[in-house]
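Below is one structure, written out as structure tokens; the observations come after it.
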Amino acid sequence: MNEGTAEWQEAIRRFGGLLGRLRVEAGLTVRELAAAIGVAPATISKTENGGHARPQDFYVVRQWVASCAHRVDGHGGSFSIPVALDWWREEHGRLERLHEEWSLRSRPLRSELGGPTAPTAAGPSHDPGPVGFEVLHQKTVDHLADRSPHVRMAALRALGDLGDKYHEKRQRIVDELCDYLRIPPDTSDASESQVRRTAQMVLAARLRPERSDGATATNSAFWPEMDVDLKRAYLCDVYFNGCEFRHADFDEAQFEGEAHFDGARFVGEARFVGAVFRGYEVSFQSARFEAVSWFRWVAFHGYAYFQYSFFGFNAEFSRSQFSNNAYFDRMTARNHIWFTHAVFHSSINFQHAQAEGATFDLNSFRAGVDFRRARFASPPKISRCEVVIGESERHWPDNWVELTAEEICGFIDSWPVDRAAIVEKAHAAKIRAQWESLS
């Protein structure tokens with residue numbers, strides 16, 4: 001180990017140790033801090049132990065310091081966040097300069113490993129090598145912690161440009177854009193939503209193939225086969241229409257404003273478990289889910305559009321809440337679709353829908369329902385579901401029927417008078433026969 005390497009490793013261990021002491025003094029566990037700043041617990045441990053090969057991204061350090069400061073402040077301590085951040089920015093800048101010097105000192109050794117060498121008389125090398133990327137990348141990422149929203153937005157666009165140039169680094173950059181969107185927003189910063197929209201725009205522009213004939217991607221900026229991990233992300237006015245995801249994880253994501261996934265293609269598993277859509281509408285019209293899709297425990301506060309969507313495998317909407325109208329008309333499900341413990345506060349439309357099979361169990365329909373001309377390869381199953389009796393029209397599948405409160409009160413105690421039970425016709429016939437025999 002040469003002197004430069006030892007100096008660098010000692011510096012990054014010292015930096016991580018300082019962050020570790022800050023966490024301990026704030027009374028935060030590794031898991032608590034990881035949840036607060038939106039990173040994996042392993043990232044916290046690796047940073048504190050000096051295990052990174054390069055300086056930790058400063059926007060992670062910024063959230064680290066701010067989270068510890070808020071914890072100390074909440075327990076009666078005094079902590080000036082701007083002063084603390086300035087100090088950490090200075091320490092991080094010193095670490096970055098040391099890393100750059102060490103990288104440049106190590107560069108001549110790359111020729112021994114078969115890497116590009118210094119320019120010769122035959123002409124300069126056009127390959128900047130991994131050191132060139134790391135230096136550019138680190139400077140770009142550090143700007144994500146700048147106080148100016150314009151600098152942060154420029155840094156996000158520069159990250160996309162780096163991925164356009166360095167193809168092998170694209171998944172890493174996608175992960176970093178997702179990391180940024182997982183960090184809780186600064187509610188005191190009025191420009192924060194615009195910065196997040198920029199991050200989403202940079203990501204969406206690289207995930208959109210723009211296939212003119214259904215096969216060939218015409219978008220030269222398209223990054224194929226990308227995994228997107230936006231679990232617990234904070235998103236604002238999302239426009240992922242036409243985008244293509246290899247694997248997509250939006251579990252527990254918070255969607256403010258409208259969310260558009262029209263024509264999107266989910267090649268692998270699509271997860272939206274526990275997601276909250278607070279905007280006026282969320283749209284998955286003509287979206288293709290080619291593997292399992294999970295919409296369990298989702299809260300749809302606005303209109304939900306799934307017209308012409310395609311589910312190539314199982315789809316689950318169990319325990320989801322639809323506060324406004326939901327449209328599944330002309331939807332196609334090649335396998336089974338589940339609605340268990342779901343609540344439809346407004347109208348739901350399944351006109352012309354096609355599915356191999358469907359299960360509705362313990363659901364509550366509180367407005368209009370329309371299954372006209374819906375086709376199922378096997379009769380849709382329904383059990384223990386209720387509908388609020390009102391003026392809204394209700395059109396059920398052919399094998400379903402409503403039972404009034406009078407018809408079922410002898411079998412279920414305290415059944416509400418303003419509600420009917422929806423059961424399969426064969427089951428309804430047995431109930432009515434039993435009721436007639438008792439009377």
Side-chain angles (χ1 to χ4, degrees), residues 171 174-175 178 182 203-204 207-209 211 214 223-233 235 238 240-255 259-277 282-300 304-322 326-344 348 350 353-363 374-383:
Q171 184 61 62
V174 167
D175 293 342
C178 292
R182 279 198 299 271
L203 189 59
L207 299 177
R208 193 171 288 125
R211 303 183 188 277
W223 298 357
E225 299 182 354
M226 292 292 110
D227 297 331
V228 173
D229 182 2
L230 286 168
K231 186 174 185 177
R232 300 192 184 96
L235 307 171
V238 172
F240 283 128
N241 44 301
C243 290
E244 187 171 292
F245 306 86
R246 184 168 62 180
H247 291 93
D249 189 347
F250 290 88
D251 285 357
E252 300 179 45
Q254 305 287 320
F255 292 84
H260 291 271
F261 291 84
D262 303 311
R265 181 186 178 209
F266 298 86
V267 179
E269 185 180 34
R271 299 186 59 88
F272 289 85
V273 178
V276 179
F277 295 93
V282 52
S283 182
F284 287 89
Q285 295 186 69
S286 300
R288 289 184 62 86
F289 300 88
E290 297 179 3
V292 179
S293 51
W294 302 92
F295 286 88
R296 188 188 301 165
W297 291 101
V298 177
F300 296 95
Y305 297 98
F306 286 86
Q307 293 111 317
Y308 295 96
S309 56
F310 172 85
F311 296 91
F313 207 67
N314 293 337
E316 183 166 354
F317 289 83
S318 297
R319 297 186 181 275
S320 289
Q321 296 267 344
F322 296 84
Y327 299 91
F328 289 85
D329 41 312
R330 301 185 187 274
M331 168 271 297
T332 299
R334 286 283 179 85
N335 212 292
H336 208 87
I337 187 166
W338 274 271
F339 289 89
T340 304
H341 286 274
V343 179
F344 302 96
I348 181 168
F350 280 95
Q354 299 181 52
E356 184 71 22
T359 297
F360 294 80
D361 185 25
L362 287 166
N363 296 322
R375 291 188 295 172
F376 300 90
S378 57
K381 300 176 182 178
I382 189 165
S383 62

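A search for side chain to side chain donor-acceptor pair (under 3.5 Å) contacts involving W297 returns nothing, not counting sequence neighbours. A315 meets the side chain to side chain contact (heavy atoms under 4.5 Å, CB included) test with S293, F311, F317, I337; sequence neighbours excluded. By the salt bridge (charged side-chain N to carboxylate O under 4.0 Å, His left out) test, R288 is found to be paired with E290, residues two or more places apart in sequence or in another chain being considered. Qualifying side chain to side chain contact (heavy atoms under 4.5 Å, CB included) partners for Q254, counting only residues two or more places apart in sequence or in other chains: Y234, V276, R278. In terms of the side chain to side chain donor-acceptor pair (under 3.5 Å) criterion, residue partners of D361 (sequence neighbours excluded) are, by chain and number, S383, R384. Evaluation of the ring pair (Phe, Tyr, Trp, His ring centres under 6.0 Å) rule for H341 yields no partner, not counting sequence neighbours. In this view, Q171 and D175 satisfy the side chain to side chain donor-acceptor pair (under 3.5 Å) rule, not counting sequence neighbours. The side chain to side chain contact (heavy atoms under 4.5 Å, CB included) check on D229 picks up R182, K231, D249, with sequence neighbours excluded. Judged as a salt bridge (charged side-chain N to carboxylate O under 4.0 Å, His left out), and not counting sequence neighbours, the contacts of R296 are E316. For R232, the salt bridge (charged side-chain N to carboxylate O under 4.0 Å, His left out) test picks out E252, with sequence neighbours left out. Every residue two or more places apart in sequence or in another chain that forms a side chain to side chain contact (heavy atoms under 4.5 Å, CB included) with A248 is listed here: F245, F250, F266. With sequence neighbours excluded, the residues that form a side chain to side chain donor-acceptor pair (under 3.5 Å) with S283 are D262, Q285.
Between the side chain of S378 and the main chain of E356, a donor-acceptor pair closer than 3.5 Å is present. A distance-only check finds no donor-acceptor pair linking the side chain of N241 to the backbone of G263 [under 3.5 Å].
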Could you please spell out the steps behind the side-chain contact (heavy atoms from CB on, under 4.5 Å) verdict for R330 and Q307? CA-CA 6 Å; R330 301 185 187 274; Q307 293 111 317; 5.6 Å; no
Give the C-alpha distance, both sets of side-chain angles, the deciding distance and a yes or no for side-chain contact (heavy atoms from CB on, under 4.5 Å) between F255 and V282. CA-CA 9 Å; F255 292 84; V282 52; over 6 Å; no
Could you walk me through whether F272 and F284 satisfy the ring-ring contact (aromatic ring centres under 6.0 Å, His included) test, starting with their C-alpha distance in whole Å, then the side-chain angles of each, then the deciding distance to 0.1 Å, before giving a yes or no? CA-CA 12 Å; F272 289 85; F284 287 89; 5.4 Å; yes
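Closest of all the heavy-atom pairs between N363 and F339 is ND2-O, 2.6 Å. Residue R211 comes nearest to R265 through the heavy atom pair NH2-NH1, 4.2 Å, listed as atom of the first residue, atom of the second, then distance. In plain terms, the two heavy atoms of A291 and E269 that are nearest each other are CB-N, 3.8 Å. Between F240 and A264 the shortest heavy-atom distance is O-CB, 3.8 Å.
Atom SG in C178 sits 9.0 Å away from atom CG in L235 (nearest 0.5 Å). Atom-to-atom distance recorded for W338:CH2 and K381:NZ is 8.5 Å, nearest 0.5 angstrom. Separation of atoms CZ (R208) and CD (E244) is listed at 12.0 Å; rounding is to 0.5 Å. Within the model, atoms OG of S309 and CZ of F261 stand 13.5 Å from one another, a figure rounded to the nearest 0.5 Å. In this structure, the separation between CZ on R375 and OG1 on T332 is 9.0 Å, given to the nearest 0.5 Å.
In this pair, Y327 and Y305 present their aromatic rings parallel. The plane angle is below 30°, not in the 30 to 60° band. The aromatic rings of F306 and F328 lie parallel to each other, their planes meeting at an angle below 30°, with 60° marking the opposite boundary.
Other residues, nucleotides and ligands place no more than 12 heavy atoms under 6.0 Å from the OH atom of Y308. At most 12 non-hydrogen atoms from other residues, nucleotides or ligands lie less than 6.0 angstrom from CZ of R334.
Shown are F313, F295, W294; of these, the ring-ring contact (aromatic ring centres under 6.0 Å, His included) with F289 is made only by F295.
Inter-residue side-chain proximity for I348 and F322 is flagged as unmet; no heavy-atom pair is nearer than 4.5 Å.
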